[in-house]
2 protein chains.
Amino acid sequence: MQKKYLTIYHDLLNKIQANAWEETAMLPSENELSILYATSRETIRKALNLLAQNGYIQKVHGKGSVIINRNKFSFPVSGIVSFRELADKLDLSSKTYVENLVRLESGNSFEDTLEVDKGEPIWHVARVREMSGERIILDKDYFNENYIPLLSKEICEHSIYEYIETKLELVIGFAQKEIIVEEPTAEDRDLLDLEGFSNIVVIKSLVYLEDTRLFQYNESRHRPDKFRFVDFARRVKSGTPL
Amino acid sequence: MQKKYLTIYHDLLNKIQANAWEETAMLPSENELSILYATSRETIRKALNLLAQNGYIQKVHGKGSVIINRNKFSFPVSGIVSFRELADKLDLSSKTYVENLVRLESGNSFEDTLEVDKGEPIWHVARVREMSGERIILDKDYFNENYIPLLSKEICEHSIYEYIETKLELVIGFAQKEIIVEEPTAEDRDLLDLEGFSNIVVIKSLVYLEDTRLFQYNESRHRPDKFRFVDFARRVKSGTPL
DNA sequence: TTGCAAAACATGTATATACAAGTTATACTA
DNA sequence: TAGTATAACTTGTATATACATGTTTTGCAA
């Protein structure tokens, strides 16, 4: 990593998480930091703005940068994080079962959602996530074949995202997500341990590459008692000025 | 509004929403914009970064700023938006019933959550939101009395946030949120039209002022069939460099 | 015509300076 | 001593310049 403001960002983040500045809960001033890291104030400000965006600090005009206590709702699951990365982070004993892996040939109903031409093939994967012996999550993925030409059972069992990013060298940019609650389908009842729950939490995501190409539609279907979504939000000033 | 980059941000946002640049779905280049608005490129970049943060454009290195199509999941409900503002935006025929409004004196269980001293009073409001004739949402609010000294039935029926921001002139900064699914309580069953639903979606929020003071805890309890949460997320590069 | 190198153009990073605006500590005055 | 004005901090905004890096167009050469 050669970008100064990113290395400073990560260094500050590590120190925040290691509880340096515990007494004051304040970062050193921008001028102090620019001397500390031997760089300009603008570069420091870029690192600080990243910390603020991600909910680690709050900048207060005239005062300084206050460290935000994130122990309230523990850590955020926001952003785009794959199940594999999440399970690793939480150190959960988890298992993934590939229930279905097909190359949909044509006339399927996802051509519109994925914005591919009629007749273009689409990869479909259905996976069940097991945590502490219970089948909790059903993940249904649909990929544009132009970007993900090949999928194997092994890749799906490990981590599709790791495959996409390291092997295919595609860079994921952003996602539009929607969370709703539905009644379980026959498939949900068949594949998951629903234990009498009459609702299921569904996260639908459209995932785009860094160059704005749409490449994935995902439906993550969770048993309601195991679902949890943590978010950090800044107040949007609704008053459109001028 | 005197801040250049903010006026440019709002102007560009209006034009995006009015579908200027429809053919290319691209903004003019930073240099063109800096001439157009008679300002420096850095100021333009501040406005563009705001647009990118809020999910309106995606910047592509070497190419330009691509406008993100937000019609997929319609508009986002992310960020901190009050029910009043939301209902106004959606033009819903809605109604608010204040079911409870008390000044909790001491020994209540929310002293810890709101981080107030033992014995300090806390304002509590319970409100039911009705949409198209159905009682859908139960909003339970708890305010630190140091910041919100007085609440009336009229304020609660209209909009507490408008009161806080315009009358009390407090500036809301950010919130930590958690979304989970619970079984309905007796209170939920009593106050809402649950129609046999055996689950309820709960959004718990800790809301902070711009200077990081915690002033509100909120629980928004939704009937699952009427709940919907839309989000925009950027990929976090998990690989901690260096 | 095809292929490729170079130029032109796009955004990204780093630095410097100046001043505005909010907060806190200092020191002076009544 | 108490109050207040000032100075010394803090972050915020605006501008300019230089170069790095990625993309597209241009034009030359085979």
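Quick caveat: nothing in here was measured; it's all calculated off a predicted structure. Chain A is the first sequence line, chain B the second, and so forth, proteins listed ahead of strands; every chain is numbered from 1.
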Just N and O in the side chain of A/Lys63: are any of them under 4.0 Å from OP1 or OP2 of C/dT24?
yes

Rounded distance in Å - CG (A/Leu48) to P (D/dT13)
14 Å

Can you confirm whether more than 12 heavy atoms, excluding those of B/Glu169, are under 6.0 Å from its CD atom?
no

Is the phosphate of D/dA16 approached by B/Ser40 (side-chain N or O, under 4.0 Å from OP1 or OP2)?
no

Under 4.0 Å from OP1 or OP2 of D/dT11: is there any side-chain N or O of A/Arg45 that close?
no

For the pair made of CG in A/Asn31 and C1' in C/dT15, what is the distance, rounded to whole Å?
14 Å

Rounded to the nearest angstrom, tell me the gap between atom CD in B/Glu42 and atom P in C/dA16.
15 Å

OP1 or OP2 of C/dG12 under 4.0 Å from side-chain N/O of B/Lys59
yes

Could you check how far CD of B/Glu30 sits from C1' of C/dA10, rounded to whole Å?
8 Å

D/dA14, OP1 or OP2 - any side-chain N/O from B/Thr39 closer than 4.0 Å?
no

Can you check side chain to side chain contact (heavy atoms under 4.5 Å, CB included) on A/Thr43 and A/Tyr37, steps first, answer last?
CA-CA 10 Å; A/Thr43 301; A/Tyr37 287 99; over 6 Å; no

In whole angstrom, give the distance that lies between atom NZ of A/Lys46 and atom P of C/dG12.
9 Å

Please tell me which of B/Ser29 and A/Arg41 maps to the more 5' nucleotide of DNA chain C, matching each residue to the nucleotide holding its nearest heavy atom.
B/Ser29

Between A/Thr43 and C/dT15, is there a side-chain N or O to OP1/OP2 distance below 4.0 Å?
yes

Side chain to side chain contact (heavy atoms under 4.5 Å, CB included) between A/Arg235 and B/Glu165, intermediate numbers included
CA-CA 12 Å; A/Arg235 171 75 167 162; B/Glu165 291 188 323; 3.0 Å; yes

Whole angstrom is fine here: how far is it from OH in A/Tyr37 over to P in C/dA14?
14 Å

Just N and O in the side chain of B/Lys4: are any of them under 4.0 Å from OP1 or OP2 of D/dT13?
no

Return the orientation label for the A/Tyr161 and A/Phe215 ring planes: parallel under 30°, perpendicular over 60°, tilted otherwise.
tilted

For the pair made of OH in A/Tyr9 and P in C/dT13, what is the distance, rounded to whole Å?
14 Å

On the nucleotide C/dT13, are OP1 or OP2 found under 4.0 Å from the side-chain N or O atoms that A/Lys3 carries?
yes

Value in whole Å for how far the C1' atom of D/dT11 lies from CD1 of A/Ile57
11 Å

What is the ring orientation for B/Tyr208 with B/Phe174, classed by angle as parallel under 30°, tilted 30 to 60°, or perpendicular over 60°?
parallel

For D/dT13, take OP1 and OP2 only and decide whether either is under 4.0 Å from a side-chain N or O of B/Tyr5.
yes

